[in-house]
Amino acid sequence: MAQVIFDGVTKRFDDVVAVDDLSLKVADGELLVLLGPSGCGKTTALRMVAGLETLSGGTISIGERVVNDVEPKNRDVAMVFQSYALYPHLSVRRNIEFPLRQRQIEKSERQRLVAEAAETLGLDSLLDRKPAQLSGGQRQRVALARAIVRSPQVFLMDEPLSNLDATLRVQTRADIVTMQQRLSTTTLYVTHDQVEAMTMGDRIAVMNTGVLQQVAPPQTLYEEPANTFVAGFIGSPGMNLLTGRAEGAGASVTVSGGSIALPERLRRAAATLTGATVGVRPESLAIGPDGSVGATVSIVELLGAEVHVITRTDDGTRVVVRQEVGRPRPRIGERVRISTIGDALTLFDPDTGQRIAAIP
Amino acid sequence: MSSVQVAGRHTSARAREALFAYLLLLPALAVFAVFVFYPFAENFKLALYENPPFPGLPSHYVGLHQVSHVLTSTAFSQSLVSTIFFVLMVVPIGLFAGLALAVAAHRRLRGIAVYRLIFSSSIVSSIAVAAVIFGTLMDPVVGLLPWLGINPHPALLENPTWALPAIAVISIWQFLGLSFIIMSAGLQSVPDEILEAAAIDGASAWTRFWRVTVPLLSPTLFFALVVGSIFAFQSFGAIDILIGPQNAAFEHVNVLIYYIYQALQVQSDPGLAAVLSIVLFLITLTLTAAQLRFLERRVTYAR
């Protein structure tokens, strides 16, 4: 058990900066999710903790120890790969036992630990099979068993659920969370799936183009995204971003011919701006005759309990409205008027993309 | 009634298709028949006929007598022993040297492609050229050995003890290119992630190689073993160019393939050559069959 600290970590591959000056602290026993689109540097960051990539700058510490020059085998971390990376020539038992054998743990102790790990992950009846004889979900459980069997200080998980089908993914997701809470082992979990991140992480670190965007608990990330990237990336669909002019000493923002009234708490901050980007979640929008912003419906997606109405405003901005399935549904091509519900609005600087905090 | 007609039409359509297929196969079959199947069958016939004592007389049928005569002869057993020694020198050393070079060239280093080219170059080198170069290097006067202060007597290529290993060195060098290419291809197919997982699991580079890479490479190793053995059983060029029947060490270097050639061309004894050919054929057949069986049974390493 240990904390993991990234201090100014940079990784360059020739001319490409994969990870740019990353500073991040993973608390002891925490499950921190590294989230971002493909190529954002999250996997590289994870591989640097494992020792599979060298650092171009900065330091990584595990516990009290700086591990920059420590061999992977001496870092006391365990990694779970997207492709499972099981040893295909060894039985399930021997796969799980592999890390113990490398540490010269005696036979009776090995057998006890393997049996324990196998029981935790429900692999008891599969111990004598080869990986090729297992399903994807079973293979992933073997990979997890191999990781937990030697009680490492840190778990590193690189998109462990991406190769599983949707049902199995939801189930395994819950299994990993339960397992992690029981063992309370510090875990770094990489994914590009924001639903996975939101449901699993104690905290989420969002990365884009090698730069850390925001680190926060899931709900904070959802409600107070640090910038327009996080706002658009978190949530499914993401936050709508409408850029316009601040008017009336911050009372409203004029967007595409319509006007969005700002709540009391944002007015003093908005008064200092000329241009402003208003961020509003799809569930905080409604279509109705008294809406102020005009738009044209381009797609209507029916998702069972709810409907996503995807529209385009007159200035070309894509706006998604989430509504209950019972409400009247607009047709494709129909002109609608959109209004905001409640005061859950977020304000961003349109030039920097950063969130503008309310001035009390 | 109509269904019968349909079935009949169906059959005739299939028959026409089959006929067309054989028609397309015909040119290839004709070439194979003339240059492979007929000589192959003729070889078995030759083994049953004994050569006349003087040229010009008709050869006569002796049945299996000639076969047993050849197989029990000292010359044959000596040739077989030389061949086995030769294969045992060439194949293991060729395999391990090829694997070692492949591992060395597998790393992503700048300019590694040049080394890959050099390591695989022996596969396209002419054996005649290679034999002359090695022959010069092994020459007792102008060669490399006297320069190193090593002067075996008799000279290396005429020495009953050292002539066969000297020829083996040339064959190893020649096999190295192919061995390197096969091993390189095999290494490419070992997933990086499995080796990375092993590194994190605590395995040293040495353990990773022996416990992960080599087992995953076993189909490749076996393939290279079979190809290498067939290659070694058929090493002819260097012996013909550097040794020849007049050499003092000849009977120690007279491997099966050379014995066949020598029986036919020097002793003018087609019967003897035919029996020896059959032995070599059976050895090669066994090796190939073993490989096919292995490939059939080998585990599919699905990731």
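Each chain gets a letter, A, B and so on, in the order its sequence line appears, and its residues count up from 1. Atoms considered below: every heavy atom in the structure, side chains included; atoms not considered: hydrogens, waters and symmetry mates.
Of the two parts of A:Leu52, only the side chain, counted from C-beta on, holds a non-hydrogen atom closer than 4.5 Å to a non-hydrogen atom of chain B. With a 4.5 Å cut-off on non-hydrogen atoms, A:Arg75 does not touch chain B at all. Only the side chain of A:Arg47 comes within contact range of chain B, with heavy atoms under 4.5 Å apart.
When the options B:Thr286, B:Val279, B:Leu285 are evaluated for a side-chain contact (heavy atoms from CB on, under 4.5 Å) with B:Ile283, the one that passes is B:Val279.
Applying the 6.0 Å contact sphere to CZ of B:Phe32 captures no more than 12 heavy atoms from other residues, nucleotides or ligands. B:Glu17 CD: 12 or fewer foreign heavy atoms inside a 6.0 Å radius.
Taking the six-membered ring for Trp and the full ring otherwise, B:Phe40 and B:Phe281 have centroids separated by under 6.0 Å.
Heavy-atom pairs under 4.5 Å with chain A peak, among B:Gly202, B:Ala198, B:Ser204, at B:Gly202.
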